[in-house]
Chemist: 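Structure in C-alpha cells, see below.
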Amino acid sequence: MTAHEISEFLAPIRHEFPDQRSLILPALRFAQEEQGWLPQGAMAAVAEATGYSQAYVESVASFYDRLYTEPVGRRVISVCTTLSCMLRGSDELLAHVAANIGTNGEGTSADGMFTLQRAECLGACDRAPCLQVDSNDQQGPLTHDAADAIIGALRADGAPTRYDR
Amino acid sequence: MPQLNSVYRHREFQDLLTLSGYERAGGWNGLKATLEMTPDDALYAFHRSGLRGRGGAGFPMGRKASFLPVDSGRPTYVVCNADESEPGTFKDREILDKNPFQLIEGVAIASYGVGCERAYIYVRGEYGHQWDVLERAIAECRAAGRLGPDAFGPGAPFDITLYRGAGAYICGEETALLESLEGKRGQPRLKPPYPAVAGLYDCPTLINNVETLAALPPIMHRGADWYSAIGPEKSPGTKIFSVSGHVLKPGNYEIVMGETTLRDLIFDLAGGLRDGREFKACWPGGSSVPVLTAEHLDTPLDYESLASAGSFLGSGGCIVMDDSGCIVRASWRLAHFYRHESCGKCTPCREGTGWLEKILGRIVHGDGRLEDLAMLESLFGRISGRTLCALADGAVAPVQSALELFRDDFERVIEQGGSPVPEPMGVINA
C-alpha cells in the first residue's frame, strides 16, 4: 500500500472532516485491507498520506483491537467469550475451534490460514455462542458441528481479495 | 403486557431496507413535521416528549440538546453513538440491520433542531455488516436528495458522515468517542467542559445513542404529547431490552416503559428458563449495573423503578443466569472484560480492574482465601468514583453487588476450592 493509494482513497472524504487528523483511522483501516495487518511500511504510508508522524500513527493504531500491528492469519476468527456467550458455552466453542485449526487456544495456525482470538462482547448475545469471521456478520448460535462447517468453508475459500477486520 | 414497535418499525412493516419501502411505512413524516417548525420549537418538542438517552445514562435528550450554545460562532455537530459494546446489549444492531432509514431520519431531525449541517455516525468496528447496510442507506438518501445541499429545503444543506471504530469498548463513552473521531486514541476527556459546549473539534456537539435518535421520527410525526403519555411520567416512551443468557428465547423486545416487569420480560417475552431450572440472577441494564436477584423480579422496567431496586436500566441489556451458573465465575468473567477494556488513562481503573480480575480469578480457580473477600471490599471505594469516566464504576458495580447479595456463594467457592466448570446450556434455539 503506497501513500499515493491511500491519498486517492481519502480524496473524496477529506472535505467531510474539518481536522485532517480524523483521516488517520479511515486510512489505517484502508491500509490494513491489503495484507490484513499493518506492517511498518503501511504505517509509514498512512503517515505520509495524512501528514502526521509515523510515531503518532502507530500510537493511534496500537490503541485499537481490530488494527493489527503483528501479522495475523488470512482469516481472523473472533469467538465472543463475554458473559452472555460464556453462559451458553463460548469457552467450549473456543476450545473446539482451536482444536480444529490446530492452535493451542488463541493464536495463528501453522499454515497461516487462521488467527483465533477471544473477543469481548460482539453485540450478538441473542446468537450465543457466537463467532465472527473478520468483521462479517456475527454467526450463531453455533453447535460445534456448525463451527466446523464455517471453518471448512473458509478453508475452501482461501484468502480474501481484501481484508476487512 | 404492552409491546409497541415504535423504534422497531421493521417489525410492523416490510421492506425497510429501501428508501421507497421506508417511505411507504410512513418514513420521513417525522422530518417533514420537524421542518415545518422553527428549530427552537423542535428542541422544545424533544424536551416535552420526555425522551431520555437510551445509551445508558438516561439523561433527558431535549435538555441535553438545549445545552448547546446558540451563538457560539462555530459549527454545531450531531454525533450518533453506534459503538454498541455494552455486554448483553444488541438492540442498536437490529436498528442498523433492519431499520437504518429511521436512524438517518432521527439524526436529521436532531440536526435540524440544533442547527447542524454535518452529522457523524460512529459505528463500532466489529459491526462490519451493519456498516454496509448503513452505507447503502446513506448513498440512497444522497441520490434521492434526502441528504445533500438541499436536504432541509432549497439551499439548506445537511449530510451524514459514517465513521468506523476499530475495536474498543471505551469508545462508547461519549468523550472517548469524540477523541477517536478526531483521529486519536480513544481515551475519555476530563469533564467539564461537556460536549454540548466543547465537543467534536472543540465545537458544540450533541451526542446521542442510536436508539435515542431513532425514537425521534415517530415522536415528531405523532407529537411530543403522544410520546410523553406512554408509560410513566418520568420515564415515558418505549425501550428496547435485549435479553440473553439462560433464557429460551433470547432477543430484543421493545416494551412500553413501566408497564412490564422484569418477570414479564424474562419469563414471558424471552420464554423463561429451561425446565427444572430456577432463576439465579440478572444484570438488567448491561453488565455495568448491580446484579439483581429473584426478589427483584416484580420490578417494573423503567429508570426510577430499577434504580429503587438497587440497579439501573442502563442500556437495557438484560443478562439472565439460572441456578446452573456460578455468580463468582460470572463476576470474574465481567472483571476480565473491564480489565481488558480499561483504556489505562486513570490509575484507579487501570490497576484496580486488574486486581478485581486477579482476585476473582484465584477464587474461581481454587486459590482463594476468605481474606480475599475483605480485600475485594477494600478495593471498591478506591476504584469507583475516582476516574474520568464511568468504566471503573461499571467494573465495580456488578462485582460489589454480587458480593453483597451472594456472599454465601463466594465463601462456598473459596471453601470448596474453586468454582466447578458449569455444564454448558448447549444450542437450544439453532
Side-chain angles (χ1 to χ4, degrees), chain A residues 13 16-29 32 50 52 56-57 59-67 78 80-93 118-129 132 134-138 140-144 146 164-165, chain B residues 75 84-90 92-93 118 124-131 159 161 163-169 180-187 201 203 242-246 250-252 283 287 317 319-321 325 329-330 333-334 337 340-341 343 421-422 424-430:
Chain A
I13 58 170
E16 298 182 30
F17 302 99
D19 184 338
Q20 299 291 292
R21 192 199 298 255
S22 290
L23 294 167
I24 292 174
L25 211 44
L28 282 166
R29 291 205 70 103
Q32 187 168 263
T50 58
Y52 284 82
Y56 181 75
V57 168
S59 81
V60 173
S62 66
F63 186 80
Y64 297 94
D65 287 350
R66 292 289 178 105
L67 294 175
S78 301
C80 176
T81 58
T82 309
L83 183 54
S84 297
C85 279
M86 181 195 93
L87 293 173
R88 284 186 168 247
S90 65
D91 296 15
E92 295 78 4
L93 178 64
R118 60 183 284 195
E120 301 305 335
C121 187
L122 291 172
C125 322
D126 51 340
R127 301 175 189 170
Q132 182 175 39
D134 298 326
S135 68
N136 299 343
D137 204 12
Q138 305 89 335
L142 292 177
T143 61
H144 292 181
D164 185 1
R165 308 292 199 200
Chain B
E84 179 170 66
S85 314
E86 177 70 16
T89 312
F90 44 91
D92 297 340
R93 191 200 76 216
R118 181 167 298 280
R124 84 175 280 198
E126 291 87 342
Y127 278 9
H129 174 72
Q130 291 72 24
W131 166 274
D159 208 342
T161 293
Y163 201 84
R164 182 112 174 248
Y169 168 72
S180 180
L181 185 42
E182 290 182 4
K184 302 172 189 165
R185 295 165 71 85
Q187 295 187 313
Y201 308 124
C203 295
S242 306
V243 191
S244 65
H246 287 148
N252 288 313
W283 296 259
S287 65
I319 306 171
V320 178
M321 188 171 82
R329 182 177 288 275
R333 186 58 56 101
L334 290 178
F337 173 84
H340 186 269
E341 298 300 334
C343 80
V421 175
M425 185 171 178
V427 172
I428 56 160
N429 54 342

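Order of the sequence lines sets the chain letters (A, B, ...), proteins ahead of strands, with each chain counted from 1. As a basis for the values below, the full set of heavy atoms in this structure was taken, side chains included, without hydrogen atoms, waters or symmetry mates. What you see is a predicted model, and the numbers here were worked out from it, not measured in a lab.
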Chemist: Answer with side chain, backbone, both or neither: which region of B:Trp283 has an atom nearer than 4.5 Å to a non-hydrogen atom of chain A?
Modeler: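 Just the side chain, heavy atoms under 4.5 Å.
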Chemist: How far apart are the closest heavy atoms of A:Leu87 and B:His246, and which atoms are they?
Modeler: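 That would be O-NE2, 3.1 Å.
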Chemist: Please state whether the side chain, the backbone, both or neither of B:Glu86 comes within less than 4.5 Å of a heavy atom of chain A.
Modeler: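 The backbone, not the side chain.
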Chemist: Looking only at non-hydrogen atoms, find the nearest pair between A:Asp137 and B:Gln130 and report the distance.
Modeler: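 Nearest pair, atom of A:Asp137 first, then B:Gln130: OD1-NE2, 3.6 Å.
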Chemist: What is the minimum heavy-atom distance between B:Phe90 and A:Gly123, and which atoms define it?
Modeler: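 Residues B:Phe90 and A:Gly123, closest heavy atoms: CB-O, 3.1 Å.
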Chemist: Rounded at 0.5 Å granularity, tell me how far OG in A:Ser135 sits from CD in B:Glu126.
Modeler: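 The OG atom of A:Ser135 sits 8.5 Å away from the CD atom of B:Glu126.
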Chemist: Examine whether an atom of B:Cys203 lies under 4.5 Å from a heavy atom of chain A, and if so say whether it belongs to the side chain, the backbone or both; otherwise answer neither.
Modeler: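 Answer is neither: B:Cys203 stays 4.5 Å or more from chain A.
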Chemist: Is B:Ser287 close to chain A through its backbone or its side chain, or both, or neither, when contacts mean heavy atoms under 4.5 Å?
Modeler: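 B:Ser287 has no heavy atom closer than 4.5 Å to chain A.
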Chemist: Examine whether an atom of B:Tyr163 lies under 4.5 Å from a heavy atom of chain A, and if so say whether it belongs to the side chain, the backbone or both; otherwise answer neither.
Modeler: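 The side chain, not the backbone.
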Chemist: Please look at A:Asp19 and chain B and tell me whether the side chain, the backbone, both or neither of the residue comes under 4.5 angstrom of a heavy atom of that chain.
Modeler: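 Looking at A:Asp19, backbone and side chain both touch chain B.
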Chemist: If you tally heavy-atom pairs under 4.5 Å against chain B, which of A:His144, A:Arg165, A:Gln138 wins?
Modeler: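 Heavy-atom pairs under 4.5 Å are most numerous for A:Gln138.
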Chemist: Distance from B:Phe337 atom CZ to A:Met86 atom CE, nearest 0.5 Å?
Modeler: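 B:Phe337 CZ to A:Met86 CE: 14.0 Å, rounded to 0.5 Å.
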Chemist: So what's closer than 4.5 Å to chain B heavy atoms on A:Glu120: side chain, backbone, both or neither?
Modeler: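 Answer is both: backbone and side chain atoms of A:Glu120 are under 4.5 Å from chain B.
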Chemist: Enter the distance from A:Arg118:CZ to B:His340:NE2 here, rounded to the nearest 0.5 Å.
Modeler: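 Nearest 0.5 Å value for the CZ-NE2 distance: 8.0 Å.
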Chemist: If you define the side chain from C-beta out and look only at heavy atoms, does anything of A:Tyr64 sit under 4.5 Å from B:Ser180?
Modeler: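 Of all side-chain heavy-atom pairs linking B:Ser180 with A:Tyr64, at least one is under 4.5 Å.
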Chemist: So what's closer than 4.5 Å to chain B heavy atoms on A:Asp91: side chain, backbone, both or neither?
Modeler: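 Interface part for A:Asp91: side chain.
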Chemist: Check A:Cys121 against B:Gly88 and note the closest heavy-atom contact, atom names and distance.
Modeler: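 Looking at all heavy atoms of both residues, the shortest contact is SG-N, 3.7 Å.
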Chemist: Of the backbone (N, CA, C, O) and the side chain (C-beta and beyond), which part of A:Glu16 lies under 4.5 Å from a heavy atom of chain B, both, or neither?
Modeler: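 Both backbone and side chain.
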Chemist: State, with a plain yes or no, whether a side-chain heavy atom of A:Thr82 is found less than 4.5 Å away from one of B:Pro87.
Modeler: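 They are in side-chain contact.
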Chemist: Between B:Thr89 and chain A, which part of the residue has a heavy atom less than 4.5 Å away: side chain, backbone, both or neither?
Modeler: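 Only the backbone of B:Thr89 comes within 4.5 Å of chain A.
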Chemist: What option among B:Asp159, B:Thr161, B:Asp92, B:Leu334 has the most heavy-atom pairs under 4.5 Å with chain A?
Modeler: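 Top count of heavy-atom pairs under 4.5 Å with chain A: B:Thr161.
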Chemist: In Å and rounded to the nearest 0.5 Å, what is the CZ to OH distance from B:Arg185 to A:Tyr56?
Modeler: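 Here the interatomic distance stands at 9.5 Å.
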Chemist: Say whether, by atom type as modelled, one donor and one acceptor occur between the side chain of B:Arg118 and the main chain of A:Phe17 under 3.5 angstrom.
Modeler: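 No; zero donor-acceptor contacts below 3.5 Å.
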Chemist: Using heavy-atom distances under 4.5 Å, tell me whether B:Tyr201 contacts chain A through its side chain, its backbone, both, or neither.
Modeler: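 Only the side chain of B:Tyr201 comes within 4.5 Å of chain A.
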Chemist: Any side-chain to backbone donor/acceptor pair from A:Arg66 onto B:Gly125? Under 3.5 Å, distance only.
Modeler: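 Looks like no, no N/O pair under 3.5 Å.
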Chemist: Under a 4.5 Å heavy-atom cut-off, does chain B meet the side chain of A:Thr81, its backbone, both or neither?
Modeler: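 Interface part for A:Thr81: both.
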Chemist: Counting N and O atoms only, with roles assigned by atom type, does the side chain of B:Ser244 sit under 3.5 Å from a partner on the main chain of A:Asp126, one being a donor and the other an acceptor?
Modeler: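 It does not hold such a pair.
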Chemist: Quick check: does any side chain N or O of A:Arg88 sit under 3.5 Å from a backbone N or O of B:Gly245, one acting as donor and the other as acceptor?
Modeler: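 Here the side-chain-to-backbone pair exists.
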Chemist: For each of B:Gly128, B:Ala166, B:Gly167, B:Pro75, tally heavy-atom pairs with chain A at distances under 4.5 Å, and name the one with the top tally.
Modeler: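 Ranked by contacts with chain A, first place is B:Ala166.
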Chemist: About how many Å separate CE of B:Met321 and OG of A:Ser84, when rounded to the nearest 0.5 Å?
Modeler: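 Reported to 0.5 Å precision, the distance equals 11.5 Å.
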Chemist: Looking only at heavy atoms, what is the nearest atom pair of A:Leu25 and B:Arg164, with distance?
Modeler: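 That would be CD2-O, 4.0 Å.
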Chemist: Please look at B:Arg333 and chain A and tell me whether the side chain, the backbone, both or neither of the residue comes under 4.5 angstrom of a heavy atom of that chain.
Modeler: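 Just the side chain, heavy atoms under 4.5 Å.
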Chemist: For chain B, which candidate among A:Val57, A:Leu23, A:Asp65 shows the most heavy-atom pairs at distances under 4.5 Å?
Modeler: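 Ranked by heavy-atom pairs under 4.5 Å with chain B, first place is A:Asp65.
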